[in-house]
2 protein chains.
Amino acid sequence: MGMGRPREFDAELALDQAMEVFWRHGYEGATIAQLTEAMGINPPSLYACFGNKEGLLKAALDRYTKLRGAWMDEVVAAPTAREVAERMLMGIADKQTDPANPPGCLLVQGGIACGSGSENVPFELAARRAQNEDQLRDRFIRAKAEGDLKESADPAALARYVSAVSVGMGVMASSGADREALRQVADVAVQAVEAQSADRT
Amino acid sequence: MGMGRPREFDAELALDQAMEVFWRHGYEGATIAQLTEAMGINPPSLYACFGNKEGLLKAALDRYTKLRGAWMDEVVAAPTAREVAERMLMGIADKQTDPANPPGCLLVQGGIACGSGSENVPFELAARRAQNEDQLRDRFIRAKAEGDLKESADPAALARYVSAVSVGMGVMASSGADREALRQVADVAVQAVEAQSADRT
DNA sequence: CCACATCTGTAGTGAACACTACATATCTGG
DNA sequence: CCAGATATGTAGTGTTCACTACAGATGTGG
C-alpha cells in the first residue's frame, strides 16, 4: 500500500505565517482566507494538516512556546531572583517591540475574550501563560531556599507579579508603546523584586 | 411638526447590559443578537439609538469610564504616591473580581486585537486606558514636586508601570485569578513605588 | 382630527464566515 | 505498470453575521 502524495508545503514555515496572522488579528479576527493566503496554501490543505481553525491555533501556540522555551530557560538561569526578573522583563521589552514580529505577545493578542463557541481559546492561552508563571515560581522558590529572597517573600506571588507585568507590557506594546517606554516599566518593576531580595552582607 | 413616538426603553439601562456583553465576549465575540437580547430591544431600536455596533461600543465605553471616573478621582486624592498606587491596585484587585461584573476590565476584554474592519476598536480602548495613565502621571508629577517622590523618579514611567500592572491584573482576573491572588500582586507592585518614594525624615 | 415625525416588531437582505465534495495529481508497495 | 493512499485546486456548502425595508404604532403641533 502506498504512502500517498507528499505534502508540497513546509508545515513549520506555514505555521510561522499563521502565527503572525493570529498574533496580529487575534483568533476570532483572523479569517481562514487570511490564514491560507499567508501560509501559501488552500483551505483543504489547512484542514487536512491541522484539523480546523482551533487546531491550527494550538499548533501555532505549540510552536510559539517552543521557540520561547529556550529563552525562558536562559531567563531562569540568571544567578539571582532580581536578575531573573530583570532578564525576563527587559527581554520582553525588546521582544514585544521587535519589528520582525507583530507587537505584543501572541499569548495575549491571540484572544482574551471570545465569542460563544470559542470559549476555550482564552483558556488555552491562559494555560500557556501559566506555564511561564510556574517556571518563574519554581525559580523563586529556589531563590528563597538559597537565601537570595527574604524569608518573608512569597515566591508564588512574585512569579504572579512578574507574569502580570509581562502581560501588561504586551498590551502596551500592541497599542503603540515603544521599546524605551517598556524598558522604563521593566526598570521600575524590577525594583519590587529587589525589595524582596535579602540584603547583601 | 410633532416630536415622534417616544423611546420605550431606558438607554442607560440598556447600555449597562450591552457593556456586560462586550465585557464578557469582547467586541468581535459579541453578536447583535446577544446584545439586543440582553438590552431587551430589537435591532432597529439599537441602530436608531447608537448608529451601529461600534457606536454602541463607544457609548458603553463612555458609560464605563464615567462610572470609573469618580473612583479614579478618589484614587489620585490619596496623600502620597505610594498610597495612590496602593488604592489604585488594591481597588482594581477588588473590582476585577467583583461577582457583580464579568471578571477583568472592559478596556482590556473589549478587544486587544481585532480583525480587518475593526482596527480602530483596539485604538479606542487604548485611548481610554491612556486617560487613566495620564491622570496617574499628573498625580505623580505633583508628588515629585512635593518631595514625596525621589528626585531620580520618573513620574511618567511610574504611571506607565502602575497602568501596566493594572492591565496585567485584569487579564489574570479574566482567566480565573481570585481576589487574594490579585491582592498579592498589588502588594508586591506597590513596593516598586515605595522604592521610588523619598525617605521619611 | 389631521399632518408629520419618530419608535417598534417582523422579517428579511447581501456578505462573509468556517468548512468540504469532488475530481485530479502525485506518491509508495507489489 | 497497476492499486491504494494521501495531497491539491476549484468551486462550492449551509450558517451566521451586521444591518435594514417596511408597515403599523404612538407621540406632538396646528
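Just so we're on the same page: letters track the sequence lines, and every chain starts at 1. Nothing here was measured: the structure is a model prediction, and the numbers come from that model.
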Ring geometry between B/Trp23 and B/Tyr64 (parallel below 30°, tilted from 30 to 60°, perpendicular above 60°): perpendicular

Aromatic ring pairing A/Tyr161/B/Tyr161, orientation class (parallel under 30°, perpendicular over 60°, tilted between): perpendicular

Quick one: [X] [atom1] to [N] [atom2], roughly how many Å, whole number?
X: B/Phe9; N: D/dT26; atom1: CZ; atom2: C1'; answer: 15 Å
X: A/Glu28; N: C/dC17; atom1: CD; atom2: C1'; answer: 12 Å
X: B/Glu37; N: D/dC17; atom1: CD; atom2: P; answer: 12 Å
X: A/Met3; N: D/dA7; atom1: CE; atom2: C1'; answer: 13 Å
X: B/Tyr47; N: D/dC17; atom1: OH; atom2: P; answer: 12 Å
X: A/Phe50; N: D/dT8; atom1: CZ; atom2: C1'; answer: 15 Å
X: A/Asn42; N: D/dA7; atom1: CG; atom2: P; answer: 14 Å
X: A/Leu46; N: C/dC19; atom1: CG; atom2: P; answer: 9 Å

Nearest-nucleotide pick for B/Pro44, side chain only, options being C/dT10, C/dT20, D/dA18: C/dT10

Side chain of A/Arg5 - closest among C/dA25, C/dG9, C/dC19: C/dA25

Sugar-phosphate only, base, or nothing, as touched by B/Pro43 at under 4.0 Å among non-hydrogen atoms: base

Between B/Gln196 and B/Ser152: side-chain donor-acceptor atoms closer than 3.5 Å: no

Pair B/Arg24-B/Gln109, side-chain donor/acceptor within less than 3.5 Å: no

Of B/Pro6 and B/Ala33, the one whose closest DNA chain D nucleotide lies more 5': B/Ala33

Presence of B/Ser45 side-chain N/O under 4.0 Å of C/dT8 phosphate oxygens OP1/OP2: yes

